[in-house]
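Reading through the structure tokens given below for one structure.
Letters go in sequence order (proteins before strands), and every chain restarts at 1.
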Amino acid sequence: MLDINYILENKEEVKTLLKNKGYEADIDTLCEQLVQKRAIQRSVELNKAEQNKLSKSVPQVKKEGGDVNAIFAKVKELAAENKANEDKLVVLEKEIYDVLVALPNLPDKDLLPGEKENNKPIYYYKEKPIFSFKLKDHVTLEESLGLIDYERGAKVSGAGTWFYTGLGAQLEWALLNFFISEHLKDGFTFMLPPHILNYESGFTAGQFPKFENDIFRLDLPEQFKFMLPTAETALVNYYRGEILKEEELPKKFFAYTPCYRKEAGTNRVEERGMIRGYQFNKVEMVEYTADNDSDRAFEELVNKAKTLVEKLGLHFRVSKLAAGDCSHSMARTYDIEVYLPSLDIYKEVSSVSNARSYQARRGMMRYKDSQGKVHYMHTLNGSGLATSRIFPAILEQYQNEDGSVTIPEVLRPFMGGLTVLKPIKK
RNA sequence: GGAGAAAUACCCAAGCGGCUGAAGGGGUCGGUCUUGAAAACCGAUAGUAGAUGCAAGUCUAGCGAGGGUUCGAAUCCCUCUUUCUCCGCCA
């Protein structure tokens, strides 16, 4: 949620920034409604004050034997006068709220306007790997090495799902363990959140009300519960409705959860296999900071995500996203994109974002500074990392001519010292 | 899932229609005393959101959340949420 007063005082800037993000909104009407709302509110409150004053005088007047009925009548009259304005106020407030709540976050001013095509790679790690033999793609490797069973996944659940089998499950688990051990080393706090969340959590994170259709909602009567699409949604609600002390910040968390998303199911070659499923595993980092500390935290999270991929020895790049490609709730996003040789493309394995106060305003997450002044916190999140693209990237980038795949060194301790995955005989 | 009880400020807790935006403790902060500390004593400490104002301030809302009754609600009524106790079921 944006600061309504900021919108009012910086109308033109807000319009431009929203446009940069590709969002059309009638800011002028919003501001007019706000001014109107305040005028009505003022008159309603003055009337209320009068009513309160009269009501309070009743015991005194009674004691003195005055006419209490005249007061009752007067208050009723005032209340009746106020009714129309009160109704108007409720309607106006709702209208303003609905617009305000749907507005995306303002992108940072240094971001290029526009969509994906204006994303800018700002960092590369290693060169593209060169192979002297015919490459296999990740789906082929997963099957020949006996790591993933897509067919039985489809049988048991449907398209867009799979079983990790045997060493495949071990490799997946090794990745998660590797990420977890690195975050622990960095002093982040390990969290295992609930996977079924309530509406308020989706609202605070910014998924609702705009993106209610992208999540798996549980079929419960009279209750809105959904499967988390990312651990961010849970972690970023941890302090909802709370006021922390400034010295408690920053709070640094990470969590492992599967992520449940409805978006799967394209048939594009790019998204074969586990590239875009209904369920994938991810370790997610979330930081809560003071409102002047989020740029530092952003760098920290980007560096952490980068370091993980570097330690895995994979060729990747970091892209600074254009305004329109940043998520709805985010002011700034950098993607870590790993290279898939078979397709010669880069695929996102981590998205690091700064929401600034956008989520904190929605969830009333604040802190008090040493002067006792209350501020909104800043929230940031970043994958660290999602496995469903790292896994294919490892298979492809580490594949050998004989069809085997060398296991990245950092993962070996988590796989009982195993160094290579060999094709299984049919 | 069933049955009961509860939710008040940083914490505990009183209050059950007007004198309560809230008694009393505890905590925290400051002071007196002390070489220093403890104890004792004295004082301070009520958040938050919104409106208005240059400001001091004033006003509105607010005792789990949302509605209602009433001239007036922490207090009465309804709905919901959460917590606790007991029973059932179960990894």
Strictly below 4.0 Å: does [X] bring a side-chain N or O up to OP1 or OP2 of [N]?
{"X": "A/R42", "N": "B/rU52", "result": "no"}
{"X": "A/K76", "N": "B/rC71", "result": "yes"}
{"X": "A/R366", "N": "B/rG47", "result": "no"}

Any strand: nucleotide that pairs with [N] via Watson-Crick or wobble, under 3.5 Å:
{"N": "B/rU85", "answer": "B/rA3"}
{"N": "B/rC80", "answer": "B/rG64"}
{"N": "B/rU20", "answer": "none"}
{"N": "B/rA55", "answer": "none"}
{"N": "B/rA14", "answer": "none"}
{"N": "B/rA38", "answer": "none"}
{"N": "B/rC29", "answer": "B/rG43"}
{"N": "B/rU69", "answer": "none"}

Looking only at atom types and distance, does a side-chain atom of [X] sit under 3.5 Å from a main-chain N or O of [Y], one as donor and one as acceptor?
{"X": "A/K21", "Y": "A/H328", "value": "yes"}
{"X": "A/Y288", "Y": "A/Y238", "value": "yes"}
{"X": "A/R261", "Y": "A/P229", "value": "yes"}

Check every strand shown and say whether [X] touches a base, only sugar-phosphate, or nothing at a heavy-atom separation below 4.0 Å.
{"X": "A/K53", "result": "nothing"}
{"X": "A/V68", "result": "nothing"}
{"X": "A/K62", "result": "base"}

Taking the side chain as every heavy atom from C-beta outward, state whether A/K320 and A/D108 have any pair of such atoms under 4.5 Å apart.
->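 They are not in side-chain contact.
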With the side chain counted from C-beta on, respond yes when A/D110 and A/R332 share a heavy-atom pair under 4.5 Å apart, and no when they do not.
->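 Yes - at least one pair of side-chain heavy atoms lies under 4.5 Å apart.
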[X] side chain, from C-beta outward: closest of [options]:
{"X": "A/M364", "options": "B/rA51, B/rA49, B/rC71", "result": "B/rA49"}
{"X": "A/K48", "options": "B/rG72, B/rC59, B/rA61", "result": "B/rA61"}
{"X": "A/S55", "options": "B/rA49, B/rG18, B/rC71", "result": "B/rC71"}

Starting at [atom1] of [X] and ending at [atom2] of [N], how long is that distance when rounded to a whole Å?
{"X": "A/N198", "N": "B/rA65", "atom1": "CG", "atom2": "C1'", "answer": "13 Å"}
{"X": "A/K63", "N": "B/rC71", "atom1": "NZ", "atom2": "P", "answer": "22 Å"}
{"X": "A/I96", "N": "B/rA51", "atom1": "CD1", "atom2": "C1'", "answer": "13 Å"}
{"X": "A/N47", "N": "B/rA61", "atom1": "CG", "atom2": "C1'", "answer": "15 Å"}
{"X": "A/E86", "N": "B/rA51", "atom1": "CD", "atom2": "P", "answer": "17 Å"}
{"X": "A/I71", "N": "B/rU70", "atom1": "CD1", "atom2": "P", "answer": "18 Å"}
{"X": "A/L46", "N": "B/rU60", "atom1": "CG", "atom2": "C1'", "answer": "9 Å"}
{"X": "A/L92", "N": "B/rA51", "atom1": "CG", "atom2": "C1'", "answer": "15 Å"}

Assess A/K304 against A/F188: is NZ or CZ under 6.0 Å from the centre of the six-membered ring, and within 45 degrees of the ring's axis?
->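 Relative to the ring axis of A/F188, which defines the angle, A/K304 lies inside both limits.
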Nearest-angstrom distance, [atom1] atom, [N] to [M]:
{"N": "B/rC19", "M": "B/rC29", "atom1": "C1'", "answer": "32 Å"}
{"N": "B/rG25", "M": "B/rU8", "atom1": "C1'", "answer": "15 Å"}
{"N": "B/rC10", "M": "B/rA44", "atom1": "C1'", "answer": "16 Å"}
{"N": "B/rG64", "M": "B/rA5", "atom1": "C1'", "answer": "15 Å"}
{"N": "B/rG24", "M": "B/rU45", "atom1": "P", "answer": "13 Å"}
{"N": "B/rA13", "M": "B/rC84", "atom1": "P", "answer": "15 Å"}
{"N": "B/rG17", "M": "B/rC11", "atom1": "C1'", "answer": "29 Å"}
{"N": "B/rA74", "M": "B/rU85", "atom1": "C1'", "answer": "25 Å"}

Aromatic plane relationship, A/H183 with A/F254 - under 30° parallel, 30 to 60° tilted, over 60° perpendicular |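 Rings of A/F254 and A/H183: tilted, 30 to 60°.
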Any idea how A/F224 and A/Y199 line up, ring-wise: parallel (<30°), tilted (30 to 60°), or perpendicular (>60°)?
->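 Perpendicular, since the angle between the ring planes exceeds 60°.
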Return the 5'-most residue of the pair A/L34, A/K373 with respect to RNA chain B, ranking by each residue's nearest nucleotide.
->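 Result: A/K373.
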Want to settle it: does A/I243 or A/N52 sit nearer the 5' end of RNA chain B, counting the closest nucleotide to each?
->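 Result of the comparison: A/I243.
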Under-3.5 Å donor-acceptor pair between A/E45 side chain and B/rG50 base =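 In this structure, the two groups form a donor-acceptor pair.
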